[in-house]
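To start, the structure itself, in structure tokens.
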Amino acid sequence: DVKVTQSSRYLVKRTGEKVFLECVQDMDHENMFWYRQDPGLGLRLIYFSYDVKMKEKGDIPEGYSVSREKKERFSLILESASTNQTSMYLCASNMNTEAFFGQGTRLTVV
Amino acid sequence: DQQVKQNSPSLSVQEGRISILNCDYTNSMFDYFLWYKKYPAEGPTFLISISSIKDKNEDGRFTVFLNKSAKHLSLHIVPSQPGDSAVYFCAAKISGTYKYIFGTGTRLKVLA
């Protein structure tokens with residue numbers, strides 16, 4: 001079974017903090033993704049990575065950066081957290097057609 | 001501009017009956033369409049997919065239909081069960097990439 005693991009289920013951070021969300025996959029997948037899910041907006045792509053140290057911006061990259069130093073690990077960084085970044089963050093990986101998701105991190109910025 | 005649309009935010013169905021979830025798309029550059037199921041506080045789980053060259057794919061109680069001329073796909077769940085109550089997202093994969101465009105989701109409630 002494919003396993004995508006996100007380091008935290010719930011996080012509460014203060015405005016202006018630097019926040020790291022970690023994701024690890026165990027299936028040697030080339031591609032990894034970060035999405036955010038908001039009510040009425042579905043899943044929106046923040047960044048994706050198709051290889052180690054390779055990344056591409058998704059649809060809403062502003063305020064975020066990513067790091068992929070190892071194939072199995074993809075990190076999302078909120079440089080200076082703001083309240084409008086309160087959301088459910090979902091990491092995914094894939095090799096072919098379907099993407100496999102982690103359990104999500106519910107981030108609240110206060 | 002929403003390229004993948006799920007126009008029904010919610011749907012209620014009696015247990016044992018058919019659930020039909022719909023999705024429309026505007027871009028012809030998609031090569032695969034997928035359906036995901038999501039429970040609260042969990043990540044989406046892959047359900048079923050269909051290639052753009054097919055018009056039907058079936059897996060147990062789940063069948064996906066693709067109507068390319070109408071740019072429409074639907075997910076049929078027969079028979080519906082209370083455990084099927086969740087939010088369902090349709091997604092489209094852009095040809096030649098690994099990028100997915102997701103719809104906004106439909107909340108299905110199966111009534112016992």
Side-chain angles (χ1 to χ4, degrees), chain A residues 1-11 21 23-25 27 29-51 54-61 74 87-108, chain B residues 1-10 21-27 30-54 57 59 62 64 66 75 86-107:
Chain A
D1 260 5
V2 176
K3 191 104 170 136
V4 180
T5 304
Q6 294 181 229
S7 53
S8 304
R9 291 294 298 267
Y10 300 95
L11 273 180
L21 302 183
C23 175
V24 176
Q25 52 97 0
M27 281 303 291
H29 284 171
E30 301 283 341
N31 309 303
M32 296 189 75
F33 308 82
W34 276 105
Y35 289 88
R36 64 179 278 179
Q37 183 203 352
D38 299 289
L41 297 177
L43 276 68
R44 293 181 293 164
L45 181 64
I46 305 171
Y47 266 97
F48 74 101
S49 167
Y50 49 91
D51 202 350
M54 307 302 285
K55 61 188 179 188
E56 276 196 33
K57 292 180 180 178
D59 300 316
I60 50 164
F74 192 34
S87 187
M88 168 72 92
Y89 289 87
L90 294 161
C91 174
S93 72
N94 86 336
M95 185 71 89
N96 295 307
T97 306
E98 66 264 27
F100 296 89
F101 283 85
Q103 76 276 30
T105 297
R106 169 71 64 185
L107 173 67
T108 302
Chain B
D1 180 30
Q2 191 74 20
Q3 297 183 63
V4 177
K5 297 179 185 180
Q6 293 177 258
N7 291 316
S8 298
S10 64
L21 297 106
N22 294 304
C23 184
D24 297 298
Y25 61 96
T26 58
N27 192 326
F30 298 133
D31 59 359
Y32 275 93
F33 299 90
L34 306 92
W35 284 96
Y36 283 84
K37 172 180 177 180
K38 186 179 183 302
Y39 293 118
E42 291 185 17
T45 304
F46 170 72
L47 267 179
I48 191 169
S49 65
I50 187 167
S51 163
S52 60
I53 63 172
K54 306 258 178 155
N57 188 26
D59 183 2
F62 303 93
V64 57
L66 177 61
L75 174 69
V87 177
Y88 289 78
F89 291 98
C90 68
K93 190 175 86 64
I94 300 173
S95 299
T97 78
Y98 290 105
K99 283 186 71 172
Y100 304 84
I101 308 291
F102 281 81
T104 52
T106 296
R107 182 177 303 278

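These figures come from a predicted structure and were not determined experimentally. Numbers restart at 1 for each chain; the letters A, B, ... are given by sequence-line order, proteins then strands. What you see below is based on every heavy atom in this structure, not just the backbone, and it leaves out hydrogens, waters and symmetry mates.
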Side chain / backbone / both / neither for [X] at chain B, heavy atoms under 4.5 Å:
{"X": "A:Asp59", "result": "side chain"}
{"X": "A:Glu30", "result": "neither"}
{"X": "A:Tyr50", "result": "neither"}
{"X": "A:Arg9", "result": "side chain"}
{"X": "A:Leu43", "result": "both"}
{"X": "A:Ala92", "result": "neither"}

Mind ranking [options] by heavy-atom pairs under 4.5 Å with chain B and telling me who comes out on top?
{"options": "A:Leu90, A:Thr105, A:Asn94", "answer": "A:Asn94"}
{"options": "A:Arg44, A:Gln37, A:Arg106", "answer": "A:Gln37"}
{"options": "A:Cys91, A:Gly58, A:Gly42", "answer": "A:Gly42"}

field: Ring centers of B:Tyr36, A:Phe101 separated by less than 6.0 Å
entry: yes

- prompt: Should the heavy atoms of other residues, nucleotides or ligands under 6.0 Å from CZ of B:Phe30 be counted, would the total exceed 12?
  reply: yes

message: Atom CZ of residue position B:Arg107 - does it have more than 12 heavy atoms of other residues, nucleotides or ligands inside 6.0 Å?
response: no

query: B:Leu34, B:Val87, B:Asp31: which one forms the most heavy-atom pairs within less than 4.5 Å of chain A?
result: B:Leu34

statement: Per-residue tally against chain A (heavy atom, under 4.5 Å) across B:Gly43, B:Ser49, B:Ser51, B:Pro44 peaks at B:Pro44

message: If I compare all heavy atoms of B:Thr104 with all of A:Leu41, which pair ends up nearest, and what's the gap?
response: CG2-C, 3.9 Å

query: Which atom pair, heavy atoms only, marks the closest approach of B:Tyr100 to A:Glu98?
result: OH-C, 3.7 Å

- line: When the 4.5 angstrom heavy-atom criterion is applied to B:Ala41 and chain A, the contacting part is both

- line: Whatever's closer than 4.5 Å to a heavy atom in chain A on B:Tyr98 counts as both

